[in-house]
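Note on naming: letters A, B, ... go to the chains in the order of the sequence lines (proteins, then strands), and numbering restarts at 1 for each one.
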There are 2 protein chains.
Amino acid sequence: MGNTLGGVGVLDKAVVVLDVLEVSPQSLSELVTATGLPRATAHRLATALEAHGLVRRDDEGRFTLGTRLVALGRAATEAFPLAGAAQKALRELRDSTEESVQLFVPEADSRVCIAALQSPHGLRTIVPLGASLPLLGLGSGARVLNGQIGAQGWTESVGEREAGVASVSAPVFDAGLIVAAVSVSGPIERTTKHPGRRYGEAVVAAAQRIQRDAGLRPELP
Amino acid sequence: MGNTLGGVGVLDKAVVVLDVLEVSPQSLSELVTATGLPRATAHRLATALEAHGLVRRDDEGRFTLGTRLVALGRAATEAFPLAGAAQKALRELRDSTEESVQLFVPEADSRVCIAALQSPHGLRTIVPLGASLPLLGLGSGARVLNGQIGAQGWTESVGEREAGVASVSAPVFDAGLIVAAVSVSGPIERTTKHPGRRYGEAVVAAAQRIQRDAGLRPELP
DNA sequence: GACTATCGTCCCATTATGTGAGACACAAGC
DNA sequence: GCTTGTGTCTCACATAATGGGACGATAGTC
């Protein structure tokens with residue numbers, strides 16, 4: 001119930017509350033209009049979540065995401081063997097390319113950024129940790145996760161997902177399956193219109209290093 | 001209901017599931033024994049949470065914390081104006097002391113670590129992000145949040161919260177109220193038995209810088 | 001191959017559970 | 001004064017969560 005259409009359960013409503021609070025702190029009345037829930041219900045849910053530390057009140061008495069979530073979020077990140085194992089390789093890649101780098105994993109019908117480091121330049125691409133992008137969308141990361149990889153092991157996209165930004169991505173394999181995509185992205189001015197020429201090799205190397213560091217098997221047994 | 005004793009609602013059970021999964025991935029049966037919930041209930045809850053991305057399955061089919069939580073966790077961290085504003089000051093403090101540093105905020109009857117950086121040394125104190133410690137407990141951080149501050153503006157504790165570790169903490173004020181505590185902690189061997197002498201000044205300076213960077217008013221209007 | 005154990009998943013009658021309109025107290029503004 | 005806006009709480013009602021048990025797979029043992 002609630003996951004399909006029709007009946008909506010407590011849990012679904014509670015998640016809506018969290019979703020709304022993720023955007024910004026909300027007073028009760030704001031919460032009511034934002035969620036569409038009746039005042040009494042919104043209040044009960046928010047205070048119930050508050051009792052669990054998932055929601056707290058800020059200095060102005062508004063509801064915000066609670067401290068419990070920072071602990072859960074950290075644990076969730078660590079639950080990805082990849083996220084941790086990829087850190088060193090990503091840092092190397094970011095430092096050698098001087099552009100923002102990300103690690104994406106497929107999740108249902110989207111791809112989620114589970115690790116990201118930013119370019120040192122003032123003008124840079126930013127993909128927030130945890131950001132969820134459509135899997136069947138644009139960008140070299142999406143292509144890679146859908147199995148569209150060039151002969152050299154990488155895929156590039158120029159001004160595809162967002163105007164002015166280009167990116168190169170390479171797949172991370174486990175037992176012959178693509179489990180993640182490493183991406184480098186930045187403004188076309190710096191990456192040129194053929195970012196693959198510049199970064200392709202480095203991205204593929206980083207993906208392979210992640211494979212090794214995470215203890216994955218690149219080929220089928 | 002459920003927050004007191006007696007009736008336990010869906011939300012409470014869902015949180016229990018998350019709590020259990022925070023420790024480690026669990027198969028359904030493990031989840032059942034860990035939570036004490038009936039199999040059908042545990043399954044329904046876990047799959048409901050899965051539908052919202054708060055829970056996912058790992059490669060072995062077990063339940064783990066989901067990707068949605070990494071986004072929520074990040075948002076929760078950002079919802080603390082302090083956590084972000086404190087980063088620079090904490091990094092400076094960590095680099096100058098070469099010991100682990102933390103920022104604690106009071107929350108109900110506990111104190112929560114909302115920012116932490118670790119010592120470069122092999123032997124070091126680790127307080128995980130989001131960790132929740134009793135507010136009326138031991139340690140210089142607890143003391144500071146309870147208003148027990150020495151004349152120099154800091155408080156030290158030696159082998160108090162945990163054997164072998166000493167710490168120094170200083171308060172962050174807003175409008176005359178203590179809103180957070182900055183701590184430096186490390187093994188007694190390095191910090192000496194009078195860590196305040198060594199780090200007191202630096203910790204107080206960091207706390208004041210955080211106050212400034214976060215745009216807080218140290219005194220009453 | 002048959003037997004048993006344990007797994008994840010799903011059904012459905014039962015009732016405990018969450019529901020939400022409305023009452024309430026408090027504060028600010030006209 | 002009155003009005004409008006908060007946040008909070010209650011309570012009769014019925015909806016939504018419950019959990020014992022059934023089911024099909026898979027794995028191991030004899």
Side-chain angles (χ1 to χ4, degrees), chain A residues 1-21 23-66 79 107-108 175 221, chain B residues 1-21 23-66 79 107-108 175 221:
Chain A
M1 311 152 176
N3 33 14
T4 47
L5 258 70
V8 177
V10 223
L11 220 131
D12 308 77
K13 292 179 194 154
V15 171
V16 171
V17 169
L18 291 178
D19 285 349
V20 167
L21 293 181
V23 180
S24 66
Q26 312 269 126
S27 70
L28 180 60
S29 336
E30 290 170 326
L31 198 61
V32 168
T33 56
T35 58
L37 295 164
R39 267 231 306 297
T41 305
H43 181 258
R44 180 159 25 83
L45 283 170
T47 51
L49 290 168
E50 188 184 4
H52 289 292
L54 300 177
V55 161
R56 67 182 180 93
R57 315 280 187 130
D58 67 1
D59 351 290
E60 300 166 45
R62 297 174 304 181
F63 295 101
T64 334
L65 298 182
E107 167 94 356
Chain B
M1 311 153 171
N3 35 17
T4 48
L5 259 69
V8 177
V10 222
L11 219 132
D12 308 78
K13 291 178 194 153
V15 171
V16 171
V17 169
L18 292 178
D19 286 349
V20 167
L21 293 181
V23 179
S24 66
Q26 312 269 125
S27 71
L28 180 60
S29 335
E30 290 170 327
L31 198 62
V32 168
T33 56
T35 58
L37 294 165
R39 265 228 308 299
T41 306
H43 181 257
R44 181 158 25 82
L45 251 38
T47 49
L49 289 167
E50 189 183 5
H52 288 292
L54 299 178
V55 160
R56 65 181 182 94
R57 315 278 186 129
D58 67 2
D59 349 291
E60 301 167 45
R62 297 175 304 180
F63 295 101
T64 334
L65 298 182
E107 168 93 355

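Whole-Å rounding puts the Arg57(A) CZ to dT6(D) P distance at 15 Å. Put simply, CG on Leu11(B) is 16 Å from P on dA16(D), counting in whole angstrom units. Atom CG in Asp12(B) sits about 14 Å away from atom C1' in dA16(C), given to the nearest Å. In this entry the distance linking CG of Leu28(B) with P of dT26(D) reads 17 Å, nearest Å. We find that CD of Glu60(A) is positioned 12 Å from P of dG7(D), with the value rounded to whole Å.
Nearer the 5' end of DNA chain D, as judged by each residue's closest nucleotide, is the contact made by Phe63(A), out of Leu45(B) and Phe63(A). Residue whose closest nucleotide on DNA chain D sits further toward the 5' end, between Ser27(A) and Val10(A): Ser27(A).
Contact between the side-chain N/O atoms of Thr47(B) and the OP1/OP2 oxygens of dT9(C) is not found at any separation under 4.0 Å. Between Ser29(A) and dG7(D) there is a side-chain polar atom (N or O) within less than 4.0 angstrom of OP1 or OP2. Listed pair Lys13(A) / dG18(C) fails the phosphate criterion, with no side-chain N or O lying under 4.0 Å from OP1 or OP2.
Contacts with DNA chain C (heavy atom under 4.0 Å) in residues 35-44 of chain A: Pro38(A), Ala40(A), Thr41(A), Arg44(A), listed by number.
For the side-chain contact (heavy atoms from CB on, under 4.5 Å) test with Leu21(B), the passing option among Val17(B), Asp19(B), Val23(B) is Val17(B); the others fail.
Within the 4.0 angstrom heavy-atom criterion, no nucleotide atom of any strand lies near Arg62(A).
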